[in-house]
Amino acid sequence: MSVFGDGLDAAVQKAFTRPAPKSAPAQMRYLVKQLKGTKAVAQLLRVSQRTVERYVKDQLKRPRPDLAARLEREVRKRWQPQVRARARQRAATTDGIVIDTRARMGYTAPIGSTDQDRVRHLTVALPPPYAARLFEAREAGADDARLQEIAAEALKEVYFQDGGRRAGSLEEVRFTDIEHLEFGL
């Protein structure tokens with residue numbers, strides 16, 4: 001499970017203008033249309049071509065849990081690509097992204113300061129350059145650790161150093177335990 005990656009995906013999905021298909025047959029028909037054939041869908045979902053055809057014809061309606069999860073994931077990945085792209089573009093150029101987190105965070109600071117990890121609840125608007133970096137890293141297949149580094153760097157700059165207004169030698173911010181994380185566009 002990718003906490004940061006899934007959070008970014010959920011934020012973009014909130015921009016969808018129509019709901020994705022809910023039933024397994026409708027999801028299967030959507031994938032067949034997108035991939036232009038039952039064979040490609042069967043290979044993608046790791047089921048037989050005949051199984052895909054039976055869902056398309058409404059002969060099967062309830063997939064087993066592992067197939068239902070794969071089906072849901074693949075439909076969401078392909079649903080409304082233009083809306084998804086516009087939302088990412090808007091966040092990366094003009095609006096930025098909001099991060100709402102309740103996490104144990106610590107930071108490295110000079111001797112004499114209280115840099116011990118503690119639980120913080122932060123809701124911070126990150127500027128467009130950080131939104132762009134997060135989305136670019138996600139598109140490039142970055143793992144959760146890399147996304148976490150980018151978010152921590154953004155929080156260091158925007159929240160802890162107040163966009164450069166707070167002088168100090170804060171070196172790094174780190175997440176040690178995340179209880180809640182949500183992104184908003």
Phe16 with Val98, same ILVMFWY side-chain cluster at under 4.5 Å: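 No, Phe16 does not connect to Val98 through the hydrophobic network.
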
Can you get from Trp79 to Phe135 by hopping between Ile, Leu, Val, Met, Phe, Trp and Tyr side chains that sit under 4.5 Å apart?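 No.
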
Taking C-beta and beyond as the side chain, do [X] and [Y] meet within less than 4.5 Å on heavy atoms?
X: Val47; Y: Arg70; answer: yes
X: Gln82; Y: Arg86; answer: yes
X: Leu8; Y: Leu147; answer: yes
X: Leu122; Y: Ile99; answer: no
X: Glu74; Y: Leu44; answer: yes

Take Glu72 and Arg76, measure what salt bridge (charged side-chain N to carboxylate O under 4.0 Å, His left out) needs, and give me the verdict at the end. CA-CA 6 Å; Glu72 175 78 19; Arg76 284 213 178 269; 2.9 Å; yes

[atom1] of [X] to [atom2] of [Y]: how many Å apart, nearest 0.5 Å?
X: Asp100; Y: Thr123; atom1: CG; atom2: OG1; value: 3.5 Å
X: Arg90; Y: Asp95; atom1: CZ; atom2: CG; value: 5.5 Å
X: Leu181; Y: Asp6; atom1: CG; atom2: CG; value: 10.0 Å
X: Thr101; Y: Glu182; atom1: OG1; atom2: CD; value: 10.0 Å
X: Leu35; Y: Gln43; atom1: CG; atom2: CD; value: 10.0 Å
X: Leu134; Y: Arg146; atom1: CG; atom2: CZ; value: 9.0 Å

Report the C-alpha separation of Gln80 and Thr17 in whole Å, then their side-chain angles, then the decisive distance to 0.1 Å, and conclude whether the side chain to side chain donor-acceptor pair (under 3.5 Å) test is met. CA-CA 8 Å; Gln80 293 193 328; Thr17 56; 2.9 Å; yes

Listed partners of Thr93 passing side chain to side chain contact (heavy atoms under 4.5 Å, CB included), at least two apart: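 Applying side chain to side chain contact (heavy atoms under 4.5 Å, CB included) to Thr93 gives Gln89.
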
List in chain and number order the residues that pass side chain to side chain contact (heavy atoms under 4.5 Å, CB included) with Ala15, two or more places apart in sequence or in another chain; answer none if no residue qualifies.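 Counting only residues at least two positions away or on another chain, Ala15 forms a side chain to side chain contact (heavy atoms under 4.5 Å, CB included) with Val83, Ala87.
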
Keeping Gln27 on the side-chain end and Leu71 on the backbone end, is there a donor-acceptor pair under 3.5 Å?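 No, the answer is negative, given that no donor and acceptor are paired below the 3.5 Å cut-off.
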
Between Tyr30 and Arg78 (side chain of the first, backbone of the second, donor and acceptor by atom type, cut-off under 3.5 Å), is there such a pair?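 Present.
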
Compare every heavy atom of [Y] with every heavy atom of [X], then report the nearest pair and how far apart it is.
X: Ala24; Y: Pro63; value: CB-CD, 3.5 Å
X: Ile150; Y: Ala137; value: CD1-CB, 3.7 Å
X: Pro127; Y: Val158; value: CD-CG2, 3.5 Å
X: Gly5; Y: Asp144; value: N-OD1, 3.3 Å
X: Ala91; Y: Ala131; value: O-CB, 3.5 Å

Charged N-O contact under 4.0 Å between Asp9 and Lys77: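 A salt bridge is absent here (no side-chain N lies under 4.0 Å from a carboxylate O).
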
Can you name the side chain to side chain donor-acceptor pair (under 3.5 Å) partners of [X], sequence neighbours left out?
X: Lys36; value: none
X: Arg64; value: Asp66
X: Arg84; value: none

Please tabulate, for the side chains in residues 49-62, all donor-acceptor contacts under 3.5 angstrom to protein atoms that are two or more places apart in sequence or on a different chain.
from, atom 1, to, atom 2, distance (Å)
Gln49, NE2, Thr38, OG1, 2.8
Thr51, OG1, Ser48, OG, 2.8

